[in-house]
Amino acid sequence: MARITTTALALGAALLLTACSSGAAPDASSPAGEAPPAATSDAGTGSGTEAEAGAMALMAVVGSADDPEAYEISITDADGQPVTSVPAGDYELTFVDESTMHNFHIMGPGGVDIATDVAGSDTSTVQVTLEPGTYDYLCDPHPTSMVGTLEVTG
Ligand SMILES: [Cu+2]
C-alpha cells in the first residue's frame with residue numbers, strides 16, 4: 001500500500017514537472033518537440049514562418065482538370081494539392097481560369113481584391129503578400145456553389 005502510494009506520488013510529481021516545464025514555454029509553436037528551426041530539407045514540418053525566402057507558388061483554380069467549366073474552385077499548391085491554410089508571406093499566385101462562365105475572385109487582409117475575367121480566360125501570375133487572417137475566394141456568378149476560404153497564419 002505505502003509503496004504504491006509513493007510510486008503514485010512520484011509519478012504525479014513527474015507529471016506535474018512535465019506539465020510545468022511545457023507550460024512554461026509561452027510560445028506554443030511546436031508541441032511536436034524540439035526540432036531545431038534550422039533550414040533542413042525536411043519538407044512540410046510547418047514551423048518556420050519566416051524561414052523561407054522568396055515567393056512561394058500557389059494556384060487559383062477554376063473548374064476541374066477535365067472540365068474548365070466545372071462548378072469547382074480551389075487554391076492549390078504547385079503540385080495541384082488543395083490548400084486551405086498557409087503561413088503569411090509573399091506568394092506568386094497563378095490563376096488557372098480557362099472558363100467562359102466562371103471567374104476567380106479573391107479578397108482579404110492587406111487590401112487584396114483580385115478577380116479574373118468571367119468570360120475570358122486568365123492564366124496570369126500575380127505577386128501577392130498574404131497577411132494573417134482569412135481570405136475569401138469565390139466565383140462571382142456562382143457565389144454560393146463556388147466559394148472557399150484560405151486561412152493565413154501568422
Ligand atoms: Cu462560376
Side-chain angles (χ1 to χ4, degrees), residues 12-68 70-99 101-118 120-154:
L15 284 173
L16 267 177
L17 276 174
T18 307
C20 277
S21 60
S22 68
D27 85 282
S29 50
S30 72
E34 3 225 304
T40 67
S41 58
D42 288 350
T45 40
S47 43
T49 49
E50 298 167 36
E52 282 116 324
M56 292 164 278
L58 289 175
M59 298 199 291
V61 184
V62 166
S64 67
D66 298 338
D67 181 9
Y71 287 72
E72 295 176 21
I73 195 167
S74 61
I75 289 181
T76 75
D77 62 18
D79 298 323
Q81 296 302 308
V83 168
T84 57
S85 178
V86 296
D90 294 330
Y91 288 84
E92 287 187 348
L93 182 64
T94 299
F95 294 101
V96 183
D97 171 11
E98 300 187 75
S99 164
M101 64 177 184
H102 302 309
N103 77 337
F104 196 106
H105 187 178
I106 182 170
M107 65 217 92
V112 169
D113 189 350
I114 313 168
T116 62
D117 194 51
V118 174
S121 70
D122 190 337
T123 53
S124 63
T125 299
V126 298
Q127 305 285 330
V128 61
T129 299
L130 297 180
E131 300 178 358
T134 301
Y135 288 77
D136 296 302
Y137 60 88
L138 53 78
C139 167
D140 287 310
H142 310 111
T144 56
S145 57
M146 297 175 66
V147 62
T149 58
L150 177 69
E151 298 295 332
V152 177
T153 57

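Note that the structure is predicted; figures quoted are calculated from it, not measured.
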inquiry  = Any non-hydrogen side-chain atom of Ile114 less than 4.5 Å from a side-chain atom of Phe95?
reply    = yes
ask   = With sequence neighbours excluded, what pairs up with Gln127 under the side-chain hydrogen bond (donor to acceptor under 3.5 Å, both in side chains) test?
value = Glu92
ask   = According to the interplanar angle, ranging from 0 to 90°, do the rings of Phe104 and Tyr137 count as parallel (below 30°), tilted (30 to 60°) or perpendicular (above 60°)?
value = parallel
ask   = Is a donor on one side and an acceptor on the other found under 3.5 Å between the side chain of Asn103 and the backbone of Thr116?
value = yes
ask   = Can you check whether Ala70's main-chain N or O pairs, donor with acceptor, with His102's side chain at less than 3.5 Å?
value = yes
Heavy-atom side-chain proximity of Leu58 to Leu130 below 4.5 angstrom = yes
inquiry  = Counting C-beta onward and ignoring hydrogens, is there a side-chain heavy-atom pair between Leu150 and Val83 closer than 4.5 Å?
reply    = yes
ask   = Which residues pass the ring pair (Phe, Tyr, Trp, His ring centres under 6.0 Å) test with Tyr91, sequence neighbours left out?
value = none
ask   = Quick one: does Asp117's side chain get under 4.5 Å of Asp122's, heavy atoms only?
value = no
ask   = Can you check whether Asp77 reaches Met56 side chain to side chain, under 4.5 Å on heavy atoms?
value = no
remark   = In this structure, NE2 of His105 is separated from CG of Asp97 (nearest 0.5 Å) by 13.0 Å
message = Tell me which one of Ile106, Val112, Thr125 satisfies side chain to side chain contact (heavy atoms under 4.5 Å, CB included) with Leu93.
response = Ile106
ask   = Is there a side-chain contact between Val62 and Cys139 (heavy atoms, below 4.5 Å)?
value = no
